[in-house]
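Worksheet: the structure to be examined is printed underneath.
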2 protein chains.
Amino acid sequence: MQQDAAKTGKGERTKARIVDAALVLFREHGYDATTMRMVAERAGVSLGNAYYYFKSKEVLLQAFYKEMHDAHVAASQEVLSSSNKLHDRLLGVLQARIDVTEPYRRFAALLFRQAADPDSPLNPFHEASRATREEAIQLFEVVIEGANVKVPKDLAKELPELLWTYSMGIVLFWIHDRSEDSARTRKLAAHTSDIVVKLIRLASNPLLRPLRKRVLELLRDFRVTG
Amino acid sequence: MQQDAAKTGKGERTKARIVDAALVLFREHGYDATTMRMVAERAGVSLGNAYYYFKSKEVLLQAFYKEMHDAHVAASQEVLSSSNKLHDRLLGVLQARIDVTEPYRRFAALLFRQAADPDSPLNPFHEASRATREEAIQLFEVVIEGANVKVPKDLAKELPELLWTYSMGIVLFWIHDRSEDSARTRKLAAHTSDIVVKLIRLASNPLLRPLRKRVLELLRDFRVTG
DNA sequence: CGCCGTTTTTGAACATGTTCAAGAAAGGAA
DNA sequence: TTCCTTTCTTGAACATGTTCAAAAACGGCG
């Protein structure tokens, strides 16, 4: 059962070639300027063949996001393995994302373009992208687990997703941020992550259990994600 | 200087015909299913002529949004002229929007699709749509002005835009809401508007002035809109 | 009216995402 | 090997947003 490229199913290899071509071209010319014909040609297949493997140009983006996410996780490792302070870890992960995705700001905008369409399979809240989303949320699980904070069980259960949602808010701001090196977004992340950490500490106070319960229930009831 | 249709500049009339055709077709078939050729034909002009007046299909949407907004304002009048309770007024306006735009939920999704693109002229945060945005914000000015609440000056200045932002959040939720008659969004609006009103009261407390100042400053610093 | 610059209109052409019928290749069963 | 089914591949065609050069209509001016 060897996994040699030569042995891998032919289809698999063709598919990989198409993704690779798309990634290079997306990076080089951006999404809009990259045509499916360019992708097909670079991959050495016919136009129709590209569509045999990818139902639309849009789904080719998923490969790009996956790659960005992997890079983000890798870039997050440094902070996550060097500090156990919640604020450092949270802010570090947010900054890592900016660092990694900075050159591809316009792609992030596309992500939100899709996010707005309830029927798009790329919508991060959509069922079809559950896997991708859960992987992203997992990163925030790690952020919390490795931090020296005690959060009550009920909150702990929801916290990763809450932080992910918060981070999506940062991304949304970042998309519109025209400042040099995304300086404004970095500032926003620093400010708000501080507040978020304080809120978590506050919410963990046993005295606030009833209020916390009510708020968490509300959030659960109106959760957007499947 | 009579404004007879017959006397209005020829260009104006053609332009109006195109908009009218677009509105009817958008309503009937939706945005995607309406082609520029259909619009042109219905308007009785050539395809190229439609593009002479409207740079793209997208900008034709603006006319649609304008119409929806006007309908929303009209539908809001009832509550606004019958109650001076802040909560009733705020929730009433939110509900009016749901009532009015319910049949066009998919259009709202398009709005956010554009909102995600920082360069789109339809982006509600964009400079180009400042007029539209300010008109929408104005509605919330009325909501506050007619309510029997005293808010400190510094907060009062920002409040309309804050409420507008909040209402955009409700819209974002609504886009993904598949429940019958948008029931979930209505519930969300009821819950959150209550909280919002309480927060406004709380924030107006003179004792909280320093905190309020800090938060408002933060908001001003990181305002997304122009 | 006849001329000229501007505005409006047209129809054809183009670019590109997507579909599809038909053929080629691959992989087994007999 | 031969035949059949499934998988893969192709190239042409289609739909539609958009552009553009040229023609037509318009509006004043002499």
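From a predicted model like this one, the values you see are computed outputs, not experimental measurements.
Between B/L60 atom CG and D/dT16 atom C1' the separation is 15 Å, expressed in whole Å. Across the protein-nucleic acid pair, B/I18 atom CD1 and C/dT9 atom P stand 8 Å apart, rounded to whole Å. Atom CZ in B/R17 sits roughly 11 Å away from atom C1' in C/dT9 (whole-Å rounding).
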Practice task
Would you give a per-nucleotide map of nucleotides 17-22 of chain D, 5' to 3', where B means the base has a protein non-hydrogen atom under 4.0 Å away, S means only the sugar-phosphate does, and - means neither?
Solution key: BBB---

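Residues A/T101 and A/H72 bring no donor and acceptor atom of their side chains to less than 3.5 Å of each other.
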Quick test: give all pairs of protein nitrogen or oxygen and nucleotides 22-28 of chain C nitrogen or oxygen below 3.5 Å, distance rounded to 0.1 Å.
none

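Although no hydrogens or angles enter the test, the distance criterion places no donor-acceptor pair under 3.5 Å between the side chain of B/T34 and the main chain of B/H29. Checking side-chain atoms of B/R184 against main-chain N and O of B/S179 turns up no donor-acceptor pair under 3.5 Å.
Residues B/V142 and B/V73 have side chains not in contact (no heavy-atom distance under 4.5 Å, counting atoms from C-beta outward). Contact of the B/R27 side chain with the B/E67 side chain is registered, since non-hydrogen atoms from C-beta on lie closer than 4.5 Å.
Between B/Y52 and the phosphate of C/dT9, there is no side-chain N or O to OP1/OP2 separation shorter than 4.0 Å. Under 4.0 angstrom from either OP1 or OP2 of D/dT9 there lies at least one side-chain N or O belonging to A/Y53. Taking side-chain N and O atoms only, A/T14 has a distance below 4.0 Å to OP1 or OP2 of D/dT9.
At most 12 non-hydrogen atoms from other residues, nucleotides or ligands lie less than 6.0 angstrom from CD of B/E78.
Among pairs with a residue in residues 34-56 of chain B, none fulfils salt bridge (charged side-chain N to carboxylate O under 4.0 Å, His left out), at least two apart in sequence or across chains.
Using bins of under 30°, 30° to 60° and over 60° for the plane-to-plane angle, the ring pair B/Y31/B/F26 lands in the tilted bin.
Where the helix from C/dC1-D/dG30 to C/dA30-D/dT1 starts and where it ends, the local axes point in directions that differ by 30°; five pairs per end, rounded to 10°.
The existence of a salt bridge linking B/D99 and B/R186 is confirmed by a sub-4.0 Å separation between a basic side-chain nitrogen and an acidic carboxylate oxygen.
Here A/D70 pairs with A/K66 under the side-chain hydrogen bond (donor to acceptor under 3.5 Å, both in side chains) rule; sequence neighbours left out. Applying the ring pair (Phe, Tyr, Trp, His ring centres under 6.0 Å) test to B/Y53 and every residue at least two apart in sequence or in another chain returns nothing.
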